[in-house]
Trainee: 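Below is the structure I would like to discuss, written out as structure tokens.
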Amino acid sequence: MSAKDFITGIKELCAPDSVHICDGSEGEFQALAKLLEEKGTWQPLKKRPGSFYARSDPSDVARVEASTYICSAKESDAGPTNNWKDPIEMIAVLEPLFRNCMKGRTMYVIPYAMGPKDSPYTKFGIEITDSAYVVCSMKIMARIVKIEEGKDFVCGIHSVGMPLEKGQEDVPWPCNKVKYIVHFPESREIWSYGSGYGGNALLGKKCFALRIGSKIAKDEGWLAEHMLILGLTSPEGEKKYIAAAFPSSCGKTNLAMLQPSLKGWKVECVGDDIAWMHFGKDGRLYAVNPENGFFGVAPGTSMDSNPNAMKSIEKNTIFTNVALTQDGDVWWEGMTKVPPEELTDWKGKSWKRGSAEKAAHPNSRFTVSKKQCPIYDPAGEKPEGVPIDAILFGGRRASLTPLVLESFNWSEGVLLGASISSEITAASEGAQGALRHDPFAMLPFCGYNMGDYFQHWLDLEQPGRSMPKIFAVNWFRKNSQGKYIWPGYGENTRVLKWIFNRLENREDGSKTPIGIVPKNLDVTELNISKEDMDSLFVIDSTKYNQECLELKSYFSETFGERFPKKFVQILLNWQSHF
Ligand code: O2Y
Ligand code: MN
């Protein structure tokens, strides 16, 4: 379909009052910012130049997994981890919802690119939306480009689902209690209805770059992953790149922007959430960050936990659902040790220090260009991407998994990725502390059968390719008093240093049945006892035996025949050593 036909068709379906083709210019952003201010969607922030403060409808605050669908022709191609509906049946549901849904509104057409300029890996999309907030956010999160006829693009249709009758007044944050986030991976289409928030509405991010992206990647032989990308430079000036997958609430943005505690080491950030990775002609794996900005969780971000994020958001930032200070600045839990005495909370109500309620929503966000990050790596703009030497898989586990472990080989490392599980935190649904499987941190984002996705990872290892080394990490191990043993944040440099040196065969390790753990991790000037250090690397045979059994039943019950046989062999082998 041509871009012109797509736009004409959606205009006919949605019946907007007017159509605006976005050019991504600063003038356009400013005009829309003014409009959003007049509508009461957001307000400029006195303390942060070029920044805005928005409050969403209290019912529209996060991704809606229960309303997220993968509509492939065959149910088995969506797999057991996705909601599935037949594409024709789903269109029959969506068509009436979208018919006339933009009445009284402007239909914005956003042509955008995901990936660096002039990169062979960059892909294009057109998002049609009736939300000016989405246009402004997309200007930060993607690269708005000109429509070029003849170029392939992913079609994205987004509506807040609140048409306006003649004379009907708009609300600051229009949305609908009926929500659908629908992906058609075979026709490369996204239809999103009813939400104006984050991953539901900024279609370039989770919908395109991960759900549709993972299916394209499978078809074309590459990887679209929920991973940060960082560059690590040693005191000797050698540089290596690391990609890392962690489930939500495991500090991905903090690691991507880490300020090293060890003298002479430097971290540079290529991306904090998504990596598209392809094998180059030299057989190495190269990564690009398809995004242009960060949509970071605000709570917990501070000058202690992530000074580079704090510096990134001093200007030109959209804040959504954080709290507002009396002097016109933003605040969230964890930003300062002592909260301000009085705030306006994310719902617009007066809030006093000591209140039982949170002032900022746990999923409140900052939206900012990656170019504002003081440690943004200029190599992030390289069309060919950056060469990945190591892949890290992590989760939040109070016990069992060691601080760091190097996998013996690619296949076993891939199984470590498939085995990620993480404790549920207050920010997510479900019983706090309970473990949830989240293979490759892709559970909500894999656009096809996850059993096939595991096999795709295994099949990447081919003669002539030099595979990155794979490591498992866990910053969250606790002692018998329930306290975190490892200090984390900047001190994670010590783990990165060990990984860096292992890549060069410069560091010794001790063999365990599932991989290699450090013999000597650099803990100079760190206040941690030998006993605590040792406990970070304990591999408890009984517990691991149970873990292998649990993994076997999870994998076989969930994925059945599509669970790779190779994984069964590895699990049996691991078990035989425990
Ligand atoms: O709640 C949302 O809509 C956003 S979710 C999100 C945003 C940025 C990066 N990662 C995520 C995620 O859920 O993994
Ligand atoms: Mn994410």
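Both ligands and their constituent atoms are indexed starting at 1 by order of listing. Every value quoted in this text rests on a predicted model; they were computed, and no experiment measured them.
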Trainee: Check S302 against G334 and note the closest heavy-atom contact, atom names and distance.
Mentor: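 Nearest heavy atoms, S302 then G334: CB-O, 3.2 Å.
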Trainee: Under a 4.5 Å cut-off applied to non-hydrogen side-chain atoms, are I388 and I229 in contact?
Mentor: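 Sidechains of I229 and I388: in contact.
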Trainee: Every pair of nitrogen or oxygen atoms between ligand 1 and the protein that is under 3.5 angstrom apart - can you list them with their distances to 0.1 Å?
Mentor:
from: ligand 1; atom 1: 1 (O); to: R63; atom 2: N; distance (Å): 3.4
from: ligand 1; atom 1: 1 (O); to: N363; atom 2: ND2; distance (Å): 2.7
from: ligand 1; atom 1: 3 (O); to: G199; atom 2: N; distance (Å): 2.8
from: ligand 1; atom 1: 10 (N); to: K206; atom 2: NZ; distance (Å): 3.0
from: ligand 1; atom 1: 10 (N); to: D273; atom 2: OD1; distance (Å): 3.3
from: ligand 1; atom 1: 10 (N); to: D273; atom 2: OD2; distance (Å): 3.4
from: ligand 1; atom 1: 13 (O); to: R63; atom 2: NE; distance (Å): 3.0
from: ligand 1; atom 1: 13 (O); to: R63; atom 2: NH2; distance (Å): 2.9
from: ligand 1; atom 1: 14 (O); to: K206; atom 2: NZ; distance (Å): 3.0
from: ligand 1; atom 1: 14 (O); to: H226; atom 2: NE2; distance (Å): 3.1

Trainee: Output, by chain and residue number, all protein N/O/S atoms separated from the Mn ion (ligand 2) by less than 2.8 Å.
Mentor: K206 NZ, H226 NE2, D273 OD1
Trainee: Look at the aromatic rings of H437 and Y554 and report parallel, tilted or perpendicular, splitting at 30° and 60°.
Mentor: parallel
Trainee: Taking the basic N atoms (NZ, or NE/NH1/NH2) and the acidic carboxylate oxygens, is any pair closer than 4.0 Å for D329 and R48?
Mentor: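 A salt bridge is present here (some side-chain N lies under 4.0 Å from a carboxylate O).
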Trainee: Ignoring hydrogens, what is the shortest heavy-atom contact between R365 and F295? Give both atom names and the distance.
Mentor: NH1-O, 2.8 Å
Trainee: Can you tell me which residue pairs pass the side-chain hydrogen bond (donor to acceptor under 3.5 Å, both in side chains) test with a partner in residues 287-300, sequence neighbours excluded?
Mentor: K205-E291
Trainee: Would you say the rings of F440 and F393 are close, in the sense that their centroids are separated by under 6.0 Å?
Mentor: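 For F393 and F440, the ring centres are under 6.0 Å apart.
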Trainee: Applying side chain to side chain donor-acceptor pair (under 3.5 Å), name anything that partners K47, two or more places apart in sequence or on another chain.
Mentor: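 With sequence neighbours excluded, K47 shows a side chain to side chain donor-acceptor pair (under 3.5 Å) to D327, given in chain and number order.
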Trainee: Any ion pair linking D273 and K252 (charged N to carboxylate O, less than 4.0 Å)?
Mentor: yes
